[in-house]
Amino acid sequence: MSGVVLVGAQWGDEGKGKIVDFFSERANVIVRFQGGNNAGHTIIVKDKKIILHLIPSGILWESKVCIIGNGVVFDPKVFLEEYRQLKKENLIPGGTSLFISAGAHLIMPYHRIIDIAREKMAGLTKIGTTGRGIGPAYEDKVARNGIRVGDLLDADRFKRRLKQVLDEKNRYISRVFEEKELNFNEIYEEYMSYAADLAPMVCDTTLLLSQYVKERKNILFEGAQGTLLDVDHGTYPYVTSSNTAAANASTGSGIGFNNIERVIGVSKAYATRVGNGPFPTEEHGSIGDYLRQKGNEFGATTGRPRRCGWIDLVALKKAVRINGLDSLVITKLDVLNELETIKVCVAYEFKGKEIDYMPLNAEDIELCKPIYREFSGWRKDLRGIRDSLDLPVEAKDYVKFIEDFLETKVIILSVGPERDENIVFGNIF
Ligand code: IMP
């Protein structure tokens with residue numbers, strides 16, 4: 001058995017969907033362990049663009065088991081829309097099944113209302129959330145005020161839980177945010193209408209996983225968002241509400257961490273961020289525009305234009321450390337094709353001193369000015385290249401420098417959005 005965790009090494013949107021899809025061919029089981037439909041994993045198969053928000057990206061392969069683990073916050077409406085669409089387009093191949101943890105917490109209508117209302121009230125200090133109710137759902141989980149997927153399957157239990165919780169939520173929504181109170185019956189009817197369709201997929205997925213471990217299956221854990229959005233280790237408070245770091249693959253799915261053998265990080269050849277918060281290498285001028293246009297850097301979930309800039313090796317070093325990355329996937333190398341000069345951030349200037357680490361506090365990170373090393377661009381199209389020997393020398397130098405700096409080997413270079421547009425140095429299973 002091989003347990004492999006794949007995580008984003010930046011602020012999300014690193015192109016994990018395509019890489020999970022690539023590794024899924026050899027995996028038996030693919031597991032989502034945190035986040036929710038704030039994620040948007042884009043996969044392009046034969047010119048068709050598929051964006052998955054909640055369903056593990058392994059769903060497109062034959063004879064796989066896909067699991068949505070207990071660490072995910074689960075919006076049943078979004079899930080069923082996504083699932084029905086995949087079914088309608090015949091995109092779920094034979095023998096592939098999908099299970100949802102009964103212990104995953106439900107995203108409820110009041111979570112979305114609170115998320116949006118809170119951001120509106122925050123004005124300039126807002127986080128720039130996706131507005132999907134992710135934070136408020138995790139808050140309720142920790143406050144022991146949540147309702148779980150398993151509760152949906154017992155109408156009486158769901159009714160009792162919703163009654164207990166909704167009363168308090170309505171007071172909060174109406175008094176703090178001056179929003180309209182929600183109707184108990186409407187929510188009850190809506191959520192009950194999802195129960196029958198979900199029921200065959202819901203179970204204690206930890207039992208399934210322990211069986212797969214015994215059978216020595218290849219299990220791939222698919223991270224969402226990225227390390228710098230981790231609620232503990234990211235640029236707090238400008239983070240998401242879950243642990244995006246690799247260790248959460250264990251608690252977010254109920255598998256012992258000693259079953260995890262490898263941790264792979266995914267980084268773009270440059271950097272992007274959606275929402276607010278510090279971003280030392282952000283480029284506001286023509287370079288930022290170039291990366292946004294060439295890289296098609298618009299949010300897969302919200303459509304928001306992404307902030308863009310140069311790759312930040314100081315930040316990536318932190319991702320290597322926090323996750324224990326043993327290899328790196330670099331995506332979108334082809335986006336840099338036309339640039340004459342490419343910059344790489346190797347240190348920060350912080351309060352008059354040079355530092356080689358990212359400060360913990362977001363306000364301190366805002367004060368960091370990037371110190372760059374410059375590389376010549378290759379000015380050739382990399383998209384057709386499949387063998388590293390065919391890479392222009394400038395591209396080889398660029399990648400080699402990143403590997404040496406991070407003391408982490410590159411396992412895949414992605415040179416285009418299509419499934420097969422990769423230079424592969426090794427596999428993981
Ligand atoms: P939330 O996860 O919706 O609460 O948003 C918190 C922060 O995480 C915001 O800055 C979002 O833009 C960011 N975020 C959440 N999910 C993703 C993602 O999948 N990719 C990139 N950024 C994300």
Side-chain angles (χ1 to χ4, degrees), residues 6-20 32-43 51-57 71-75 78 82 105 107-108 110-122 124-142 222-245 248 252 265-268 270-279 282 292 295-309 315 319 331-332 362 365-366:
L6 190 131
V7 289
Q10 300 169 302
W11 282 284
D13 308 316
E14 297 91 351
K16 293 180 293 295
K18 175 185 155 168
I19 305 303
V20 171
R32 275 276 314 258
F33 57 91
Q34 48 73 227
N37 56 305
N38 46 351
H41 291 170
T42 308
I43 302 156
I51 301 178
L52 298 170
H53 297 287
L54 206 44
I55 295 181
S57 306
V72 169
V73 282
F74 183 85
D75 188 325
V78 173
E82 194 164 304
H105 278 250
I107 297 182
M108 304 296 293
Y110 44 80
H111 292 139
R112 285 188 296 269
I113 290 173
I114 293 168
D115 194 359
I116 293 165
R118 196 183 274 156
E119 288 276 278
K120 229 194 282 167
M121 195 177 256
L124 284 177
T125 56
K126 70 178 189 173
I127 310 270
T129 72
T130 58
R132 303 297 193 259
I134 306 294
Y138 276 117
E139 281 169 45
D140 274 352
K141 170 177 173 169
V142 179
E222 172 180 353
Q225 292 85 47
T227 308
L228 298 170
L229 289 173
D230 183 285
V231 67
D232 281 281
H233 301 290
T235 49
Y236 192 89
Y238 301 99
V239 292
T240 191
S241 297
S242 63
N243 283 113
T244 57
N248 194 23
V266 185
S267 167
K268 279 178 194 164
Y270 49 97
T272 64
R273 170 162 209 168
V274 239
N276 298 334
F279 180 5
E282 181 169 14
R292 195 170 307 105
N296 192 23
E297 296 296 351
F298 298 90
T301 298
T302 58
R304 290 181 286 181
R306 295 179 183 141
R307 300 157 65 193
C308 297
T331 59
K332 295 192 151 185
I365 305 172
E366 290 282 8

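Both ligands and their constituent atoms are indexed starting at 1 by order of listing. Any value given below was found using the heavy atoms of this structure, including those in side chains, with hydrogens, waters and symmetry copies removed.
- Checked by atom type and distance alone, the side chain of Glu119 pairs as donor or acceptor with a backbone atom of Ile127 at under 3.5 Å.
- A donor-acceptor contact shorter than 3.5 Å links the side chain of Asp230 to the backbone of Asp232.
- Without hydrogens or angle criteria, Asn38 side chain to Gly36 main chain gives a donor-acceptor distance under 3.5 Å.
- Between atom CG of residue Leu229 and atom OG1 of residue Thr240 there is a gap of 6.5 Å, rounded to the nearest 0.5 Å.
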Between ligand 1 and the protein, which N/O pairs are shorter than 3.5 Å?
from	atom 1	to	atom 2	distance (Å)
ligand 1	2 (O)	Asn38	ND2	2.9
ligand 1	2 (O)	Thr240	OG1	2.6
ligand 1	3 (O)	Thr130	N	2.8
ligand 1	3 (O)	Thr130	OG1	2.6
ligand 1	10 (O)	Val274	O	3.2
ligand 1	12 (O)	Gly128	O	3.3
ligand 1	12 (O)	Val274	O	3.2
ligand 1	12 (O)	Arg304	NH2	3.0
ligand 1	16 (N)	Asn38	O	3.4
ligand 1	16 (N)	Gln225	NE2	3.3
ligand 1	19 (O)	Asn38	O	3.3
ligand 1	20 (N)	Asp13	OD1	3.1
ligand 1	20 (N)	Asp13	OD2	3.4

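- The closest donor-acceptor contact from the side chain of Arg304 to the backbone of Gly128 lies under 3.5 Å.
- No donor-acceptor pair closer than 3.5 Å links the side chain of Thr42 to the backbone N or O of Ile51.
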